[in-house]
Amino acid sequence: MHIDAEISRIRKNFFETIKDIKTAEQLTNVRVVYIGRKGKVSRLLREVSGLPADIRPRVGKDLNLLKNEIEKNINDISLRFSGHAAEEDIDETLPGKPFSVGGRHPLSIIRNKITEIFFSMGFSLVEGPLMEDDWHNFTALNVPEFHPSRDMHDTLYLEGKDNLLLRTHTSPVQVRVMKHNKPPLAVIVPGKCFRNDAIDASHFPVFHQIEGLWVDKDISLSDLKGVLSAFVHRLFGNVRVRFRPSYFPFTEPSIELDMGCPVCGGSGCSTCGHGGFMEIMGAGMVHPEVFRNSGYEEKYQGFAFGMGIERIAMIYYGLADIRDFYNNDLRFLEQFK
Ligand code: DAH
């Protein structure tokens, strides 16, 4: 059929022509020549009405398909010329492809929150060795020879190293700091601690503490209460704070600090053991024996405190199992990003 040959000739010519297109103007010309109002395809379309009725629908359909095909190819090519004069098909205004970035570990997030609060109150940060000697970890802190924490079951001693152990708390750094610095001083000491504990929902052999120490000429228990209440309120908002008498060998008097349970608000629930409060740290006025062991004169006073970062983080995020911090499960960790 004459018209069928015409259609395939136009189609073949079109695809030959677009191979050599280099500019937007050439493309516009091609559009006019093929599918413009007086173009080759449009001219044939006008002839369809004069064709015999038996072939009219099929030819009409073929022509429309050809028209669409040509249009699509012209549009595709036109993308090359749009936007930029540059030959390259790059749009610098589009946002980049996102790539996955890591996030901080929840324990680091909480440690940073805690240290930031104490920085704002004038404390500076120091660190001490993880491998300690018996004297700094126990004796200098007035921990008596028969104290249970000295037991092999609680403390990880280093084999073949006389009197060396993995520190069981951050308190030995108190003595190290005082030995090398004169008052007034206010420091916080974050870091790893180690105990020979069996693993369960609230114990792990490696954990983290933050120690605090403020020494000057007339520091009193009121300063301790003021600083630690402010700290709790800054971290947890408007919760109740309770100071309870306690005992630590290196402080006198010693206290424990409780905060109102954030889950029930103090009325009592299963999280706080129905007491309405949660214990969050130990503290007290530095024992004169600790000052003596650090080479300090009588005239100084100070307070110290120590808290477990895991414990604070678990209360802060409402977590029930300490092991979640160390399992490296991304489904857990990604929630803190
Ligand atoms: N070192 C204690 C512990 O690991 C915590 C502690 C209690 C630290 C009272 C202190 C303090 O500085 O004054 O359980």
Side-chain angles (χ1 to χ4, degrees), residues 114 118 121-130 132-151 154-155 163 165-191 193-195 207-232 241-258 279-308 311:
I114 296 171
F118 284 107
M121 295 196 244
F123 285 74
S124 26
L125 188 147
V126 293
E127 289 184 316
L130 307 185
E132 262 299 0
D133 53 52
D134 189 89
W135 192 80
H136 284 94
N137 199 80
F138 296 123
T139 314
L141 292 169
N142 199 30
V143 178
E145 207 75 56
F146 49 82
H147 196 277
S149 62
R150 288 194 171 215
D151 199 295
D154 295 312
T155 303
N163 281 329
L165 47 88
L166 296 177
R167 69 178 183 195
T168 58
H169 51 177
T170 41
S171 302
V173 190
Q174 287 187 27
V175 179
R176 292 187 176 275
V177 169
M178 289 193 278
K179 269 186 162 171
H180 295 105
N181 297 278
K182 290 248 147 302
L185 61 87
V187 292
I188 43 167
V189 189
C193 302
F194 309 84
R195 283 183 203 175
F207 57 101
H208 301 79
Q209 287 189 339
I210 291 194
E211 190 81 12
L213 175 71
W214 189 336
V215 185
D216 204 343
K217 275 194 193 113
D218 33 42
I219 296 284
S220 73
L221 197 64
S222 317
D223 297 303
L224 178 158
K225 291 176 79 174
V227 165
L228 295 183
S229 302
F231 161 71
V232 175
V241 176
R242 180 170 79 176
F243 294 88
R244 230 171 350 98
S246 185
Y247 171 77
F248 298 101
F250 34 90
T251 44
E252 183 60 38
S254 302
I255 59 109
E256 259 166 278
L257 193 156
D258 301 338
E279 183 190 317
I280 56 169
M281 69 174 98
M285 302 306 294
V286 179
H287 196 290
E289 189 61 22
V290 178
F291 279 148
R292 266 192 292 279
N293 291 331
S294 309
Y296 271 18
E297 302 158 43
E298 293 276 302
K299 61 181 179 193
Y300 293 116
Q301 292 184 317
F303 68 80
F305 55 90
M307 66 187 107
R311 174 146 183 88

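The shown structure was predicted, so the numbers you read here are calculated from the model rather than taken from an experiment.
In this structure, the separation between CG on L185 and CG on L213 is 5.5 Å, given to the nearest 0.5 Å. With rounding to the nearest 0.5 angstrom, the CZ atom of F250 is 14.0 Å from the CD atom of E289. To the nearest 0.5 Å, atoms CG (N293) and NE2 (H287) are separated by 10.0 Å.
Two residues are said to be in side-chain contact when any heavy atoms from C-beta on lie closer than 4.5 Å; F138 and L165 meet this criterion. Considering only heavy atoms from C-beta on, R311 stays 4.5 Å or farther from F207 through its side chain. Two residues are said to be in side-chain contact when any heavy atoms from C-beta on lie closer than 4.5 Å; P245 and P253 fail this criterion.
Using modelled atom types, no side-chain atom of E211 and backbone atom of V189 make a donor-acceptor pair closer than 3.5 Å. In this structure, the side chain of N137 engages the main chain of T168 through a donor-acceptor pair within 3.5 Å.
By the 30° and 60° cut-offs, the orientation of the rings of F291 relative to Y296 is parallel.
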One pair to check against salt bridge (Lys or Arg N to Asp or Glu O under 4.0 Å): E256 and R242. What are the steps and the verdict? CA-CA 8 Å; E256 259 166 278; R242 180 170 79 176; over 6 Å; no
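Scored by the side chain to side chain donor-acceptor pair (under 3.5 Å) test, H136 finds D133, R176 as partners (sequence neighbours excluded). In this structure F194 satisfies the ring-ring contact (aromatic ring centres under 6.0 Å, His included) test with no other residue, sequence neighbours excluded.
Nearest approach of P172 to L141, heavy atoms of both residues: N-CD1, 3.7 Å.
Ring centers of F305 and F118: under 6.0 Å apart, within the cut-off.
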